[in-house]
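Labels below follow one simple rule: chain letters A, B, ... track the order of the sequence lines, proteins then strands, and each chain is numbered from 1.
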Number of protein chains: 2
Amino acid sequence: MSVFRAPETKTAPNYLPGTDLALELAEFYKVFGDISRIRILFALLDNELYVNELADLLNMSQSAVSHQLRILRQNKLVKVRKDGKNSLYSLDDEHVYRILTHGLEHISH
Amino acid sequence: MSVFRAPETKTAPNYLPGTDLALELAEFYKVFGDISRIRILFALLDNELYVNELADLLNMSQSAVSHQLRILRQNKLVKVRKDGKNSLYSLDDEHVYRILTHGLEHISH
DNA sequence: TATACATATGTACATATATACATATGTATA
DNA sequence: TATACATATGTATATATGTACATATGTATA
């Protein structure tokens, strides 16, 4: 990835994304930077689950789950399907699985 | 990814990582969840750079850059090479590029 | 309509964290 | 050794953020 360079030789970086893009990307990764949201995403990896099922499964309050689901929804990582008074949540994006997988690859060296 | 399921049918999730793993993964993504670190990583994508070069390039204080480089180092995302009194930083891991790329793919829909 | 229930949301607060500032450490050169 | 310079680090502080608690919204059923 990074090319070796003699200390005296200075080359400017040839790809620097604008601040806006960097910010957007940071905001995106920030969503994955919380254990509750990670656990929710893993729970939804192969299942469509109700809010209260998530709360029970993960030992979280209904409120906390709902708040985190909102963040995940806003970032298009999960989607909702209404079922009467219940809400069924599932993953929204095909990338989510790959993103989680790559993270796991990294931390397992 | 997520299998359709009738509301009455309840299946337990078949893969739930332990809390420790979820925490480790969240901590890992947290590193990407900051605009300064993202900008540093992009700057290092094709270049080996000195701390002061990064500071100039990104309009950050030397201290701020150094603090963030420490976090990136501890998470094995960048590595250092000493050159006298200078330090040359570069990406440490082949995954970094792919992780950034996937993030970009997601936010660009 | 009244009640029960599932989910969403407003708010307060405790905790985490990025940066500025000051300073320490380490290296090269006079 | 003294000085200049690059980088690292300790600390304080302002800001961001996750969760608890209370409550609102919306739906099904009696």
In whole Å, what is the span from the CE atom of A:Met60 to the P atom of C:dT7?
14 Å
Among A:Arg73, A:Arg81, A:Lys79, A:Glu53, side chain to side chain donor-acceptor pair (under 3.5 Å) partner for A:Tyr89:
A:Arg73
Cut-off 3.5 Å, side chains only: do B:Tyr29 and A:Asp34 have a donor facing an acceptor?
no
Kindly give the heavy-atom pair with the smallest separation between B:Val80 and B:Ser87, and that separation in Å.
CG1-CB, 3.6 Å
DNA chain C in dot-bracket, Watson-Crick or G-U pairs under 3.5 Å, [ ] crossing, | other strand?
||||||||||||||||||||||||||||||
Can you work out whether A:Glu27 or A:Gly84 has the more 5'-proximal nearest nucleotide on DNA chain D?
A:Glu27
Same hydrophobic cluster for B:Ile35 and B:Ile99, using side-chain heavy-atom links shorter than 4.5 Å among ILVMFWY?
no
Starting at atom CD of A:Gln68, determine the distance to atom C1' of D:dA16, rounded to an integer number of angstrom.
14 Å
Let me know the distance between CG of B:Leu58 and C1' of C:dT19, rounded to the nearest Å.
15 Å
What is the minimum heavy-atom distance between B:Leu104 and A:Leu25, and which atoms define it?
N-CD1, 3.6 Å
Whole-Å distance between C:dA8 P and A:Ile40 CD1?
11 Å
With a 4.0 Å cutoff (strictly under), does any side-chain N or O of A:Lys82 reach OP1 or OP2 of D:dT27?
no
A:Tyr50 vs C:dC5: side-chain N/O to OP1/OP2 distance below 4.0 Å:
no
According to a strict under-4.0 Å criterion, is B:Asn52 in side-chain N/O contact with OP1 or OP2 of D:dT7?
yes
Does A:Phe32 offer a backbone N or O that forms a donor-acceptor pair with the side chain of A:Arg37 under 3.5 Å?
no
Distance check needed: C:dA16 P versus A:Asp34 CG, whole Å only.
12 Å
When you check every protein heavy atom under 4.0 Å of nucleotides 9-15 of chain C, what one-letter string (B, S, -) results, 5' to 3'?
BB-----
If you compare all heavy atoms of A:Leu69 against all heavy atoms of A:Val78, which two are closest, and at what distance to 0.1 Å?
O-CG2, 4.0 Å
Between B:Arg98 and B:Glu105, is a salt bridge (Lys or Arg N to Asp or Glu O under 4.0 Å) present by the stated rule, with each step listed?
CA-CA 10 Å; B:Arg98 278 193 297 162; B:Glu105 273 176 29; over 6 Å; no
For the student: nearest non-hydrogen atoms of B:Leu58 and B:Arg39, plus distance
O-NH1, 3.0 Å
Over how many whole Å does the gap from B:Arg81 atom CZ to D:dT7 atom C1' extend?
16 Å
With a 4.0 Å cut-off on heavy atoms, is B:Ile71 in touch with a base, just the backbone sugar-phosphate, or nothing at all?
sugar-phosphate
Starting from P on D:dA30, measure out to NZ on A:Lys85 and report it in whole angstrom.
11 Å
